[in-house]
Amino acid sequence: METPFIFGKIATEKNFTDREQETATLLAHFTSLINTIIISPRRWGKSSLVNKASKLALAADNKLRICHIDLFNVRNEEYFYSLLAQKVITATSSKWEEAIENAKKFFSHLVPKISIGTDPTNEISINFDWEDIRHNPDEVLDLAEKIAQEKGLKIVICIDEFQNISRFGDPDYFQKKLRSHWQQQQHVAYCLYGSKRHMMLEVFTDSSKPFYKFGNLMFLNKIETKCLMKFFDKRFSETGKHISKEARLLIVNLADNHPYYAQQLAQLSWLRTKDKCTEEIVREAHEALVEQLSLLFVTITETLTTQQICYLKALIAGEKSISSTEVMHRYNISSPTSIVRSKAALIKNDILDKLAGKISFQDPIYAYWLKTQYFAK
Ligand SMILES: Nc1ncnc2c1ncn2[C@@H]1O[C@H](COP(=O)(O)OP(=O)(O)O)[C@@H](O)[C@H]1O
Ligand SMILES: [Mg+2]
């Protein structure tokens with residue numbers, strides 16, 4: 001039997017809930033070619049949202065083309081250019097023959113090396129001589145605009161894990177180059193999103209950086225309790241099972257409204273349910289989830305310094321004024337500087353999140369594990 005919840009994949013159709021306002025906004029941005037920047041921690045639903053808005057936008061506007069680029073493992077500029085060229089060409093060609101033709105037609109200085117995958121999708125890949133592209137990236141950066149003009153199209157380029165461009169050789173220079181081309185384009189818009197909040201904020205909100213005020217910033221939140229509650233109810237009943245209101249609320253609370261964990265915990269609870277899911281079943285499912293992740297949590301914790309662990313311990317205990325002498329002493333924290341350093345490193349490593357000055361754990365299950373297992377011993 002098909003299970004009613006999904007996690008770790010893009011949530012679509014009946015697996016997608018809430019986000020009505022964000023979907024409408026993004027849809028409007030896509031069809032009106034407004035640049036958008038989306039920021040949220042990983043697994044909060046950026047890819048799912050972009051996917052949903054893309055589908056709606058494509059259905060609403062037959063002159064629109066959207067391409068999706070993931071910089072997850074793109075480590076240098078040259079590879080970025082190849083990927084950009086390839087995705088733009090593929091998104092604007094209906095057949096691979098046309099793709100090859102376009103790849104030849106739209107470049108004059110660069111000589112693209114084109115190969116076609118042998119899988120049924122026949123996906124083409126485009127490469128350039130790295131020396132050439134390093135000296136002559138303009139053609140790639142303007143490719144979408146040129147194609148859009150020539151074919152009477154509108155193009156939206158979505159780039160995931162955009163913060164990774166700060167790992168490139170000379171990130172500031174690279175960003176300047178991108179911005180100077182992209183801001184001139186009339187028929188192309190960009191949707192840039194990423195999971196590292198601090199790095200994304202640095203790229204887009206620092207007035208000395210090239211991408212300052214490049215587009216509308218969208219901070220994606222977790223999913224609201226009432227939407228999740230309704231969603232669980234619907235998915236359980238659609239599969240011939242039931243879930244009590246208390247159990248639904250418990251899932252939301254244990255997952256701390258985290259979209260991925262909410263679905264995962266709902267799934268584990270659903271699997272344990274014969275007819276009606278109760279709080280007891282949810283608790284069992286939650287314990288199983290913590291157990292399943294504990295090895296990973298041990299590994300994460302092993303990478304932390306002693307001072308970072310002391311700081312986490314004070315946080316988990318709910319200490320309000322950690323920098324007071326008494327609290328620092330109690331948790332073996334060496335100095336206020338140590339707190340500042342630990343906090344910065346933990347935010348950078350995605351363990352903590354800072355929103356409006358408030359520190360929270362990114363992973364609610366990790367926080368629970370620290371509290372009930374690691375620090376309880
Ligand atoms: N709108 C949504 N409705 C329900 N679940 C969602 C939604 N968005 C995300 N999720 C859950 O979160 C998981 C991660 O979503 P994803 O879009 O890949 O996040 P991100 O791109 O931010 O890492 C999905 O697999 C799904 O379980
Ligand atoms: Mg994603």
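Worth knowing before you read on, the calculation uses all heavy atoms, side chains too, and leaves out hydrogens, waters and symmetry mates. Just follow the structure's listing: the first ligand is 1, and inside any ligand the first atom is 1.
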Should you measure from each heavy atom of G8, which atoms of ligand 1 turn up under 4.0 Å away?
25 (O)
[atom]: the protein heavy-atom neighbour that sits closest, reported with distance to 0.1 Å:
atom: atom 23 (O) of ligand 1; result: R43 N, 2.7 Å
atom: atom 10 (N) of ligand 1; result: P259 CB, 3.7 Å
atom: atom 18 (O) of ligand 1; result: S47 CB, 4.1 Å
atom: atom 1 (N) of ligand 1; result: T17 O, 3.0 Å
atom: atom 5 (N) of ligand 1; result: Q263 NE2, 2.8 Å
atom: atom 17 (O) of ligand 1; result: S48 OG, 2.6 Å

Using distance alone, decide if ligand 1 has a nitrogen or oxygen within less than 3.5 Å of any nitrogen or oxygen in R42.
no
Nitrogen or oxygen of G45 less than 3.5 angstrom from that of ligand 1:
yes
I10 heavy atom under 4.0 Å from ligand 1
no
Can I223 be said to touch ligand 1, with heavy atoms closer than 4.0 Å?
yes
Between [X] and [Y], which heavy-atom pair has the shortest distance, and what is it?
X: N102; Y: S93; result: ND2-OG, 3.1 Å
X: D353; Y: W44; result: OD2-CH2, 4.5 Å
X: I347; Y: K354; result: CD1-CB, 3.8 Å
X: N15; Y: P4; result: OD1-O, 3.5 Å

Heavy atom under 4.0 Å from ligand 1: found in [X]'s side chain, backbone, both, or neither?
X: I6; value: backbone
X: R19; value: side chain
X: F7; value: both
X: K9; value: backbone
X: N15; value: backbone

By the definition side chain to side chain contact (heavy atoms under 4.5 Å, CB included), identify the one residue from V252, L228, N257 that meets it with K222.
N257
Among Y193, Y260, W44, which one has a heavy atom closest to atom 13 (C) of ligand 1?
Y260
Determine the interplanar angle of the W182 and F162 rings, folded into 0 to 90°, and report it as parallel if under 30°, tilted if 30 to 60°, perpendicular if over 60°.
tilted
Please step through salt bridge (Lys or Arg N to Asp or Glu O under 4.0 Å) for the pair E78 and R134, ending with a clear verdict.
CA-CA 7 Å; E78 291 80 2; R134 203 192 313 264; 2.7 Å; yes
Return yes if a side-chain donor-acceptor contact under 3.5 Å exists between Y193 and S47, otherwise no.
no
Determine, for R42 against D350, whether the closest basic-nitrogen to carboxylate-oxygen distance falls under 4.0 angstrom.
no
So, D206 side chain and E202 main chain: donor-acceptor pair closer than 3.5 Å or not?
no
Is a side-chain N or O of Q163 found less than 3.5 angstrom from the main chain of S195, in a donor-acceptor match?
yes
Taking N, O or S atoms only and a limit of 2.8 Å, check whether S47 reaches the Mg ion (ligand 2).
yes
